[in-house]
Amino acid sequence: IVLHDKRFTPFIYSDAGYSFAVSSSVYSGFKAGFMFNPGFGIKTYVGKTTVFVLSFGIKVQNIEYKIPDPTGTTSNLISSNSYNQLFIVKAGFQF
């Protein structure tokens, strides 16, 4: 959502989706989960048709996987994690 269209234009954004997991030899039974990335930023024209974009946001991602029990007394332990990256910084150019 662009709030106005001037030399310096603030905006807000939101990315959402479902992440896919890749299994490894240590962990098994991956179940991917929901991903959400809201943020805000500013764009400014640095040329006639070139725009510099800088944005800041957060990212939340859920994933569940099985961890083998090292003692062998139980089956696999289930671990459900929510990964939070507090500061996401994106910078780039639009042409």
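Values below: all heavy atoms of this structure, side chains included; hydrogens, waters and symmetry mates excluded. Along the sequence shown, residues are numbered consecutively beginning with 1.
Residues passing the side-chain contact (heavy atoms from CB on, under 4.5 Å) test with Phe36, sequence neighbours excluded: Ser14, Ala16, Phe34, Pro38. Remark: Phe52 pairs with Thr44, Val46, Leu54, Ala91, Phe93 by the side-chain contact (heavy atoms from CB on, under 4.5 Å) rule, at least two apart or across chains.
Looking at every heavy atom in both residues, Phe11 comes nearest to Lys43 through CE2-N, 4.1 Å.
Here the straight-line distance linking atom CZ of Phe56 with atom CD1 of Ile88 works out to 12.0 Å at 0.5 Å rounding.
Tracing side-chain contacts under 4.5 Å through hydrophobic residues (I, L, V, M, F, W, Y), one never reaches Val89 starting from Met35; they form parts of separate clusters.
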